[in-house]
Protein chains: 2
Amino acid sequence: MGKRVYGQYCGFARALELVGERWALMVVRDLLVSPKRFRELQRGLPGIPSNVLTTRLKEMETAGVVERRLLPRSNHVVYQLTATGTALEPAVTELGRWGAKLLGPPRQGEVMTVDALVTALRSTFQPKAAKGVTAAYELHVGNMVVSACITRGRLALGTTPLSDADLTIEIGPALRDLLAGELSPRKALSSGLVQIQGNRTLLEQFVELFRI
Amino acid sequence: MGKRVYGQYCGFARALELVGERWALMVVRDLLVSPKRFRELQRGLPGIPSNVLTTRLKEMETAGVVERRLLPRSNHVVYQLTATGTALEPAVTELGRWGAKLLGPPRQGEVMTVDALVTALRSTFQPKAAKGVTAAYELHVGNMVVSACITRGRLALGTTPLSDADLTIEIGPALRDLLAGELSPRKALSSGLVQIQGNRTLLEQFVELFRI
DNA sequence: CCGGATCCTCGGTGATACTG
DNA sequence: CAGTATCACCGAGGATCCGG
């Protein structure tokens, strides 16, 4: 965050100094899903000026949150989180959970991105409800695909199609209402807002596992 | 956050739009400790321009995070968090925990505030280590007093002196090193960085209960 | 095409002074 | 005490350009 300081000897203030600048935590959000090239970050963050992205990456590199890596045998640059950066996951998850509750209908022009979806699923995952559960879900939102594999209660998220999903869910922004309990699985299906391939009881399990 | 929008239908992005602006989460941090008057917020956030504080409070009031309340029979205004605002506590705690790990020695001119201290204790509290514990601590840092009462494992923080503290700890910025385990209780005492009134084994318990 | 760098504009922040 | 008013400035936003 450069010179923008709060002048307090406080862990929270220090955190905001390091990743509190505009766009910084959005970059972290996307890097938490997977390492990315500069161009990929731009695509996932529509509207971010390239110079701002450059500045944030440099600042967070200096802060030890992000590191530049050169892909072997191809001068390509990849940005990834350091261990320090990865440790932001609980904070990002909590903030995402808080914001998801306040999320009304999509505003004009708002888009969804794969990494936003993954973050949403991480934020809404209910470990207690997942205790002992094993299931593989595949979400289709627009042309995006996100996979959620729960193995004996442990969640693994991905952005590549599964070969053996137990349930494939095709859905739009109604996902938010479904996870918030404002849209029942039955109504979701009957209204056509949601389409599934697989057993519909798995959809009911899904809304138990992921709740806003 | 006004017009500063991220253009994504995403709970995390929405959270940053509501409380991601500069100073906003610092205000939330302090209001999480207790409702406050305008002037109290200014004192707790040295360096914040009054117009920025006004703007943030208005924005967060519009967002339903903060509410203005008029004290009975005295035109005084008090700002307090709504239920929505209070729900930010886990996020603030997690961010504070992350930042506390990165907190080196105090920089030139950095100050500590009561609310920062309370936030730090909340962030570092270890519920597991506190299981079944009952103890009352009183921290003195400079001229500030913070109380931490653990009752059967449950933590209650305050900013008023206790009448019956089991242990009174007088300490400075070394608190950070003590909680980080980089300064042992013994060395802290022998070096004079920490002074206590009460049983010194309670100090060892303290660093078990609160850890960075 | 990727990974930026450069330039310019505009609006928010920061600092200070002022008012009900 | 609780803000409002004013203004300088810097960083965000947006477009374009450049080297590999």
Side-chain angles (χ1 to χ4, degrees), chain A residues 1-8 13 16-27 30-31 34-63 66-80 109-111, chain B residues 1-8 13 16-27 30-31 35-63 66-80 109 111:
Chain A
M1 161 178 228
K3 325 295 273 305
R4 227 69 168 233
V5 231
Y6 286 106
Q8 300 199 8
L16 291 184
E17 289 173 4
L18 295 178
V19 296
E21 210 60 64
R22 182 153 165 78
W23 289 109
L25 279 175
M26 292 293 283
V27 173
D30 283 11
L31 291 183
S34 66
K36 286 184 174 55
R37 315 258 303 264
F38 190 90
R39 172 49 63 125
E40 292 180 281
L41 285 168
Q42 280 189 306
R43 267 196 297 264
L45 271 11
I48 187 174
S50 64
N51 56 353
V52 172
L53 179 55
T54 301
T55 305
R56 292 293 164 271
L57 287 170
K58 273 186 191 147
E59 288 168 353
M60 291 196 287
E61 192 183 353
T62 303
V66 164
E67 60 187 8
R68 274 173 74 110
R69 198 162 52 88
L70 285 173
L71 243 41
R73 79 171 75 264
S74 77
N75 287 343
H76 290 168
V77 179
V78 175
Y79 296 93
Q80 62 184 21
E110 277 189 334
V111 299
Chain B
M1 162 178 226
K3 324 295 274 302
R4 224 82 162 225
V5 195
Y6 286 106
Q8 299 199 7
L16 291 183
E17 290 173 4
L18 295 178
V19 296
E21 211 60 62
R22 182 154 167 76
W23 289 109
L25 279 176
M26 292 293 282
V27 172
D30 283 12
L31 290 182
K36 284 184 174 57
R37 314 257 303 264
F38 191 90
R39 167 50 64 124
E40 293 180 281
L41 286 168
Q42 280 188 308
R43 268 197 298 265
L45 304 171
I48 187 173
S50 60
N51 54 355
V52 171
L53 179 54
T54 301
T55 306
R56 292 294 164 271
L57 287 171
K58 274 186 189 147
E59 288 168 353
M60 290 196 287
E61 192 183 351
T62 303
V66 164
E67 60 187 8
R68 273 172 76 110
R69 198 162 52 88
L70 285 174
L71 243 42
R73 80 172 74 264
S74 78
N75 288 344
H76 290 166
V77 178
V78 175
Y79 294 94
Q80 61 185 20
V111 299

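The shown structure was predicted, so the numbers you read here are calculated from the model rather than taken from an experiment. Proteins get letters first, then strands, A, B, ... in listed order; numbering begins at 1 in each.
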Sequence-distant partners of B:Ser50, side-chain contact (heavy atoms from CB on, under 4.5 Å), two or more places apart: B:Phe38, B:Gln42
Among residues at least two apart in sequence or on other chains, which ones pass side chain to side chain donor-acceptor pair (under 3.5 Å) with A:Arg37? A:His76
The contact string for nucleotides 13-19 of chain D, one letter per nucleotide 5' to 3', using protein heavy atoms under 4.0 Å with B, S and - for base, sugar-phosphate only and none, comes out as BBB----
Atom-pair distance (CD on A:Glu40; P on C:dG4), nearest Å: 13 Å
Could you state the CZ-P distance from B:Arg39 to D:dC1, rounded to the nearest angstrom? 5 Å
Across all chains, not counting sequence neighbours, the side chain to side chain donor-acceptor pair (under 3.5 Å) partners of B:Gln80 are B:Glu67, B:Arg69
Please give, in whole Å, the distance from D:dA2 C1' to B:Arg68 CZ? 9 Å
Value in whole Å for how far the P atom of C:dA5 lies from CD of A:Gln42: 12 Å
Without decimals, in angstroms, what is the distance between A:Arg37 CZ and C:dG3 P? 4 Å
Expressed in angstrom and rounded to an integer, what is the separation of B:Leu41 atom CG from D:dG3 atom C1'? 13 Å
Among residues at least two apart in sequence or on other chains, which ones pass side-chain contact (heavy atoms from CB on, under 4.5 Å) with B:Val52? B:Trp23, B:Ile48, B:Pro49, B:Arg56
Below the 4.0 Å mark, does C:dG14 have OP1 or OP2 next to a side-chain nitrogen or oxygen of A:Tyr6? no
Answer with base, sugar-phosphate or nothing: what part of the nucleic acid does B:Thr54 contact at a heavy-atom distance below 4.0 Å? base
Output all residues satisfying side chain to side chain donor-acceptor pair (under 3.5 Å) with B:Thr62, sequence neighbours left out; order by chain, then residue number. none
Rounded distance [0.5 Å steps], CG in B:Leu57 versus NZ in B:Lys36: 12.0 Å
Difference in axis direction between the ends of the helix from C:dC1-D:dG20 to C:dG20-D:dC1, five pairs, 10°: 30°
When rounded to whole Å, the CG to P distance for the pair A:Leu71 and C:dC1 reads 20 Å
Atom CZ of B:Arg56 and atom C1' of D:dA2 are separated, to the nearest Å, by 18 Å
